[in-house]
Amino acid sequence: MPTRAQIVTKARSLIGIGENPPGSNRNKITEKYGYVGAWCAMTTWYVYQSFGVDLKKEFTPFWAATTQGVHAAQNRGLWRTDIRTARPGDLVYYKLPDGDEGFVNHTGIVVSAAPSGTVVAIEGNTANVCAQRTRSSHIVGYIDMSPFVSDPAGPRPAPAAPPFPGRHMFRIGKTSVHVTALDKQLIRLGYTKSHDGDGYQAGPKFTKWTRTNVKEFQRAQGWTGDDADGYPGPETWRRLFTTPTPKR
């Protein structure tokens, strides 16, 4: 059984692989898989099969279809939605806006995942090559690959909150990356009732809808008065990041 480090090392060895001819979806990965088409999921299969783990047998014969892989993982109880708990070698899935239809349409092998929700992954078929990408948006979830790797690091640590950036970052009209991080946690936890009519979206601007959703979260903690004014303080920030994702 491979280690997580071995999976990542093997994935890194594929960086730079493209298509021959360009735009054909043909390379050694698709040739080994036995199918010519979008090859991001084929890349994850290629890496694991090099260690004797056949994801087509473990999950679904239609592994190349990202949605099929996720459905199979859900059936096995290995699908996770909190990317902050992903570990090297797990398989991250995205819904990219310029990709195919479906609730997921791209995947890669996790190199690292940060408390902020940013993930570094090695992805096949990204701009028609295999490359390492860093993403903080369009992440849907990941497959926990623990049954197929050895994990000397032991149990997955509980998520930690990133440092609180200060109250001044959260005022109506204020724009910063910290607001985007805040929004992602509100969405993850389901505090999204207040929005502009187009659904609550993660973005850099602190709006009146952001404040209302934060207030709803604060009230759910049992807070009242100034403790539930809709403006995040250090404890609101910490709880947003460390509260487990609710089961839906």
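This one's a predicted model, so the numbers in the text were calculated from it and none came from an experiment. Index from 1, following the sequence.
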Between atom CD of E31 and atom OH of Y46, what is the distance when rounded to the nearest 0.5 Å? 9.5 Å
Quick check: do V179 and F170 have side-chain heavy atoms less than 4.5 Å from each other? yes
So, R188 side chain and T243 main chain: donor-acceptor pair closer than 3.5 Å or not? yes
Working note: W209 + T192, criterion side-chain contact (heavy atoms from CB on, under 4.5 Å); need CA distance, chi angles, decisive distance, verdict. CA-CA 9 Å; W209 298 293; T192 58; over 6 Å; no
Would you sort out whether L182 and F206 count as a side-chain contact (heavy atoms from CB on, under 4.5 Å), showing the intermediate values? CA-CA 9 Å; L182 172 78; F206 193 92; 3.9 Å; yes
Using a 3.5 Å distance criterion without hydrogens, assess whether the side chain of T9 forms a donor-acceptor pair with backbone atoms of Q6. no
Does a sphere of radius 6.0 Å around CZ in R26 hold more than 12 heavy atoms from other residues, nucleotides or ligands, not counting ones at 6.0 Å or beyond? no
Nearest heavy-atom pair of V92 and T107: which atoms, and what distance? O-OG1, 2.8 Å
Are the side chain of E123 and the backbone N or O of C40 linked by a donor-acceptor pair below 3.5 Å? no
What distance separates H138 NE2 from D98 CG, expressed to the nearest 0.5 Å? 8.0 Å
Using the ring of Y33 (Phe, Tyr or Trp, six-membered ring only), decide whether K56 places NZ or CZ under 6.0 Å from its centre and within 45 degrees of its axis. yes
W237 side chain reached by P162 side chain, heavy atoms, under 4.5 Å: yes
Have E235 and W223 got a donor and an acceptor in their side chains that come within less than 3.5 Å? no
Measure the shortest side-chain to side-chain distance between M1 and V53 over non-hydrogen atoms and say whether it is less than 4.5 angstrom. no
How far does NE2 of H178 sit from CE of M169, to the nearest 0.5 angstrom? 4.5 Å
Contact check, side chains of I122 and I15, non-hydrogen atoms, under 4.5 Å: yes
Check the hydrophobic clustering (I, L, V, M, F, W, Y; side-chain heavy atoms under 4.5 Å; chains of links allowed) and say if V111 and I17 are grouped together. no
Using 0.5 Å steps for rounding, measure from the CD1 atom of I172 to the NZ atom of K205. 9.5 Å
side-chain hydrogen bond (donor to acceptor under 3.5 Å, both in side chains) for Y94 and T66? Distances and angles first, verdict last. CA-CA 9 Å; Y94 313 94; T66 53; over 6 Å; no
Side chains of M145 and Y48 in contact at under 4.5 Å (non-hydrogen atoms): yes
Mind checking whether R238 and F164 have side chains closer than 4.5 Å, heavy atoms only? no
Output the distance between atom OG1 (T60) and atom CG (N75), rounded to the nearest 0.5 Å. 9.5 Å
If I compare all heavy atoms of W39 with all of C130, which pair ends up nearest, and what's the gap? CH2-N, 3.8 Å
D183 side chain to L186 main-chain N or O, any donor-acceptor pair under 3.5 Å? no
Please walk me through it: do H106 and R133 pass side-chain contact (heavy atoms from CB on, under 4.5 Å)? CA-CA 12 Å; H106 190 57; R133 305 292 190 201; over 6 Å; no
Would you please test K32 and W45 for side-chain contact (heavy atoms from CB on, under 4.5 Å) and show each step? CA-CA 10 Å; K32 183 76 173 179; W45 171 87; 3.6 Å; yes
Using the benzene-type ring in the case of Trp, are the ring centres of F62 and H71 under 6.0 Å apart? no
Is there a path of hydrophobic side-chain contacts, each under 4.5 Å between heavy atoms of I, L, V, M, F, W or Y residues, that connects I109 with I139? no
Answer yes or no: is there a donor N or O on one side and an acceptor on the other, between the side chain of K95 and the main chain of G102, under 3.5 Å? yes
Report whether Y93 and M42 are members of the same hydrophobic cluster (ILVMFWY, side-chain heavy atoms less than 4.5 Å apart, transitive linking). yes
Ignoring hydrogens, what is the shortest heavy-atom contact between R211 and D229? Give both atom names and the distance. NE-O, 2.7 Å
Measure across A113 and A86 and return the closest heavy-atom pair with its distance rounded to 0.1 Å. CB-O, 3.8 Å
Heavy-atom pair of closest approach, residues L55 and T44: CD1-O, 3.8 Å
Answer with yes or no whether the hydrophobic clustering places V177 together with V119; edges join I, L, V, M, F, W, Y residues whose side-chain heavy atoms lie under 4.5 Å apart. no
Please check if any side-chain donor atom of R87 sits under 3.5 Å from a side-chain acceptor atom of S146, or the reverse. yes
Ring-ring centroid check F148 F59, cutoff 6.0 Å: yes
In terms of ring plane angle, is the pair Y191 and F217 parallel, tilted or perpendicular, where the classes change at 30° and 60°? perpendicular
Ignoring hydrogens and angles, tell me if any N or O in the side chain of N128 forms a donor-acceptor pair with the backbone of G23 under 3.5 Å. no
So, E216 and R219, do they make that salt bridge, N to O below 4.0 Å? no
Are Q132 and V120 side-chain neighbours, meaning at least one heavy-atom pair lies under 4.5 Å? yes
Look at the side-chain heavy atoms of Ile, Leu, Val, Met, Phe, Trp and Tyr, link any pair under 4.5 Å apart, and say whether I187 and L189 land in one connected group. yes
Is any side-chain heavy atom of T43 closer than 4.5 Å to a side-chain heavy atom of N125? no
OH of Y200 to NE2 of H195: how many Å apart, nearest 0.5 Å? 11.0 Å
If you draw a 6.0 Å radius around CG in D226, do more than 12 non-hydrogen atoms from other residues or ligands fall strictly inside? no
Mind listing the closest non-hydrogen atom pair of S24 and V36 along with its distance? O-CG1, 3.6 Å
